[in-house]
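Just the heavy atoms: all of them, side chains too, but no hydrogens, waters or symmetry mates, feed the values below. Each chain gets a letter, A, B and so on, in the order the sequences are listed, and its residues count up from 1.
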2 protein chains.
Amino acid sequence: MNSGRTLELTPVDAATDACCEPSGQPTIDTYEAQLRASVFKALADPNRLRLLSIVKGSEGGEACVCDLTEPLSLGQPTVSHHLKILVDAGLLHREKRGTWAYYSLVPGAIERTTGLLESL
Amino acid sequence: MNSGRTLELTPVDAATDACCEPSGQPTIDTYEAQLRASVFKALADPNRLRLLSIVKGSEGGEACVCDLTEPLSLGQPTVSHHLKILVDAGLLHREKRGTWAYYSLVPGAIERTTGLLESL
């Protein structure tokens with residue numbers, strides 16, 4: 001609910017002494033809001049959500065890019081574009097082995113993302 | 001993890017009898033992915049996240065639109081535009097009383113949204 005950064009400046013009984021509009025400020029600053037919005041932007045696409053769901057459900061926790069094009073009926077350049085956005089957002093991990101790249105969910109990424117919303 | 005819609009068609013031991021690529025399909029269909037993506041699109045903007053945080057932290061759980069412009073240094077048309085997107089996404093509830101509109105978090109909206117990600 002609160003970042004804690006200004007707690008030391010707030011008297012213990014500030015809430016009871018507050019005026020009639022004590023809650024008119026955002027709990028996150030502009031920079032933090034931009035960071036959080038960029039993660040939700042990565043999730044704001046149906047194909048990226050479906051790619052995430054395939055990787056999340058893959059045996060061994062990882063999926064080869066070669067197995068991600070057919071289920072979505074998309075070309076490999078399009079799939080690679082979406083995967084890059086998910087990697088850049090910190091949701092997927094990419095590992096190149098031989099000819100192919102393999103993708104796995106970054107440990108704790110789902111929990112951290114839900115936390116971005118719960119802690120608003 | 002599973003929508004449950006096809007459970008009745010799946011033999012109990014399907015997982016153990018599965019071939020070497022049992023997890024190559026998305027767990028959500030195109031329509032469901034579009035619905036979920038639309039909610040994340042509403043969250044993919046720093047000003048909308050800051051508006052949500054103000055409403056969430058407001059005394060009594062609601063904030064007048066007249067109190068939402070100054071904290072973000074935005075004009076009222078811009079704020080109203082962002083608030084409409086949050087209402088359309090099912091995140092905020094809007095109630096007109098007299099001159100002003102009042103906004104509150106839709107009960108359970110945060111939990112439902114985090115569930116959209118956790119259940120991929």
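Side-chain atoms of Thr114(A) never come within 3.5 Å of backbone atoms of Thr114(B) as a donor-acceptor pair (strictly under, hydrogens ignored). Arg36(B) places no side-chain N or O within 3.5 Å of a backbone atom of Pro46(A) that could act as its donor or acceptor partner. For the pair Ser53(A) (side chain) and Thr27(B) (backbone), a donor-acceptor distance under 3.5 Å is present.
Atom CG in Leu35(B) sits 11.0 Å away from atom CG in Leu49(A) (nearest 0.5 Å). With rounding to the nearest 0.5 Å, the separation of CG in Leu117(A) from CG in Leu52(B) is 7.5 Å. If you take CG on Leu120(A) and CG on Leu105(B), they are separated by 9.0 Å, rounding to the nearest 0.5 Å.
Within the 4.5 angstrom heavy-atom criterion, no atom of Ser38(B) approaches chain A. Heavy atoms closer than 4.5 Å to chain A are found nowhere in Glu111(B), neither backbone nor side chain.
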Inset, instruction - Applying side-chain contact (heavy atoms from CB on, under 4.5 Å), run through Arg50(B) and Gln25(A) and close with a yes or a no. - result: CA-CA 9 Å; Arg50(B) 300 186 86 203; Gln25(A) 293 301 316; 6.0 Å; no
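Heavy-atom pairs under 4.5 Å with chain A peak, among Leu51(B), Thr30(B), Asp45(B), at Thr30(B).
Of all residues in residues 71-101 of chain B, those placing a non-hydrogen atom less than 4.5 angstrom from a non-hydrogen atom of chain A are Pro71(B), Leu72(B).
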